[in-house]
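Here the structure comes first, spelled out in structure tokens, and everything after it is commentary.
When a ligand or atom number is given, it counts from 1 through the structure's own listing order. Numbering of residues begins at 1 and proceeds along the displayed sequence. Because the structure is predicted, anything quoted here is derived from the model rather than measured.
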Amino acid sequence: MTAKIIDGTSIAADIQEEVKIAVEAMQATHNYVPGLATVLVGENPASTTYVRMKQKRCAEVGIRSIGHNLPEDIPQEDLEELVGDLNADPEVNGILVQLPLPGHLDEEAVLNTIDLGKDVDGFHPVNIGRLAMKGRNPLFIPCTPYGVMVLLEKSGVEISGSEAVVLGRSNIVGLPVAMLLQKANATVTICHSRTKDLAAHTREADILVAAIGRREMVTGDMVKPGAAVIDVGINQKEDPTKKRGYRLVGDVDFESAKEVAGAITPVPGGVGPMTIAMLLKNTLHAAEMSLAD
Ligand code: NDP
């Protein structure tokens, strides 16, 4: 069997288009344009690229982005003061503090400072707490995990009653994905670096989400026939045919897994494009909430 390829690029483009239409409607009816403040500390090249991509995609849908580029050695109080100012600014609906922050800064304290109603990354401990609790919902779902869920839903994967296995338990991907799957009534197993027999777990999975950051570690023989495989991993693999000397691959060995799975995301072109699309959706949601106040 060859798996159906889940086209994240196309699903993300559809979401982006929906957001664009909603932003135009908001401008027409309320004369209001959603705003996203991006806060970048230092000059980490990957973070700089991510922030630039987010600003570009905001512009494409008509969301105003307000960039704050701060020096690497900014004191904690100054950063928290800026976040406080953004909390109070009625033109700012979402606040995105690009992580990781330089080592001298207390990341959790900064995230705690963000107004819950502007936490479009969904990393505020209260939002994560609500995600974990039965009968509660967060104001915002973290963007990559949200993207994973949308990919499953748009591909027609039955989540309720399924056996779901999540590889990885990080705060930004593995753990929230597991909590979302559980909320959607899957029976969830979380695997991590101390899991003894990873393959024994993965072979039971109707839904397998890989978020471990280990290049092509999940091979076809670890996949249950017909499973939906969502590959969050982004890893570099040497490739002399490419100008930069490498290409991007996931945590799943795509070639062998696609022969066994029922549906699978490629890397690139799977989860990656969804993350920013969900950020745009969260920013729109924040603006809608502020108008409803
Ligand atoms: P982290 O390094 O924070 O977490 C990795 C997790 O994988 C940990 O829970 C770790 O276990 C577990 N793990 C590591 N090695 C193994 C192993 N050999 N067997 C089983 N579990 C293992 O990574 P992130 O969650 O931040 O990211 C995961 C991947 O997703 C990365 O490749 C990253 O680049 C990618 N990513 C992609 C995004 C996108 O937009 N597509 C967004 C964010 C991340 P333990 O807890 O025991 O250490």
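- Looking only at side-chain heavy atoms (C-beta outward), L167 and M217 stay at 4.5 Å or farther from each other.
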One pair to check against side chain to side chain contact (heavy atoms under 4.5 Å, CB included): I6 and I230. What are the steps and the verdict?
CA-CA 9 Å; I6 301 175; I230 306 291; 4.0 Å; yes
Carefully, step by step, assess V165 and C191 under the rule side chain to side chain contact (heavy atoms under 4.5 Å, CB included).
CA-CA 7 Å; V165 174; C191 299; 3.9 Å; yes
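- At the top of the distance list for atom 31 (C) of ligand 1, counting protein heavy atoms only, stands G213 CA, 3.6 Å.
- Listed by number with element, the atoms of ligand 1 under 4.0 angstrom from any heavy atom of G168 are 6 (C), 7 (O), 9 (O).
- The distance criterion of under 3.5 Å between nitrogen or oxygen atoms is met by I234 with respect to ligand 1.
- More than 12 heavy atoms of other residues, nucleotides or ligands shown are found within 6.0 angstrom of NZ on K54.
- The residue among S170, P273, A210 with a heavy atom at the shortest distance from atom 1 (P) of ligand 1 is S170.
- Contact analysis leaves T195 out of contact with ligand 1, as no non-hydrogen atom separation drops below 4.0 angstrom.
- No N or O atom of D251 sits closer than 3.5 Å to an N or O atom of ligand 1.
- The shortest side-chain heavy-atom distance between V41 and Q98 does not fall under the 4.5 Å cut-off.
- The I172 neighbourhood of ligand 1 comprises atoms 26 (O), with distances under 4.0 Å to a heavy atom of that residue.
- For atom 19 (N) of ligand 1, the closest non-hydrogen atom on the protein side is M217 CE, 3.8 Å.
- Shortest contact from atom 9 (O) of ligand 1 to any protein heavy atom: R169 N, 2.8 Å.
- Within a 6.0 Å sphere centred on CD of E108, other residues, nucleotides and ligands contribute 12 heavy atoms or fewer.
- Between S193 and ligand 1, at least one pair of N/O atoms sits closer than 3.5 Å.
- Environment of CZ in R244: crowded, with over 12 heavy atoms of neighbouring residues, nucleotides or ligands closer than 6.0 Å.
- For the residue pair T48/E43, the side-chain donor-acceptor check at 3.5 Å is not satisfied.
- At least one heavy atom of G272 sits under 4.0 Å from some atom of ligand 1.
- Heavy-atom proximity to V173, at under 4.0 Å, picks out these atoms of ligand 1: 25 (O), 43 (C), 44 (C).
- Residue L167 does not touch ligand 1, judged by heavy-atom distances below 4.0 Å.
- Near T144, meaning under 4.0 Å from one of its heavy atoms, ligand 1 places the atoms 40 (O), 42 (C).
- Close approach of ligand 1 to A211 (heavy-atom distance below 4.0 Å) involves ligand atoms 5 (C), 6 (C), 7 (O), 28 (C).
- Distances from ligand 1 to the non-hydrogen atoms of M274 include no value under 4.0 Å.
- Scanning all protein heavy atoms for the shortest distance to atom 15 (N) of ligand 1 gives R214 NE, 3.3 Å.
- Atom OH of Y50 sits in a sparse spot, with 12 or fewer heavy atoms from other residues, nucleotides or ligands closer than 6.0 Å.
- The distance from ligand 1 to the heavy atoms of T275 drops below 4.0 Å at these ligand atoms: 39 (C), 40 (O).
- Heavy-atom minimum distance, N93 versus P34: OD1-CA, 3.2 Å.
- Side-chain polar atoms of D293 and S290 form no donor-acceptor pair below 3.5 angstrom.
- Proximity of atom 24 (P) of ligand 1 to the protein is indicated by at least one non-hydrogen atom lying closer than 4.0 angstrom.
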In sequence, state the C-alpha distance, the side-chain angles, and the governing distance for E216 and K237, and then conclude on salt bridge (Lys or Arg N to Asp or Glu O under 4.0 Å).
CA-CA 9 Å; E216 297 175 327; K237 184 174 185 178; 2.9 Å; yes
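- Judged purely by distance below 3.5 Å, without hydrogens or angles, the side chains of T275 and T144 pair a donor atom with an acceptor atom.
- Among protein heavy atoms, the minimum distance from atom 21 (N) of ligand 1 is reached at H192 C, 3.1 Å.
- In this structure, V232 is part of the shell of residues with a heavy atom less than 4.0 angstrom from ligand 1.
- The nearest non-hydrogen atom to atom 13 (N) of ligand 1, considering only I212, T265, N235, comes from I212.
- The minimum heavy-atom distance between L131 and K183, with the atom names listed, is O-NZ, 3.2 Å.
- The shortest heavy-atom distance from G174 to ligand 1 is not under 4.0 Å.
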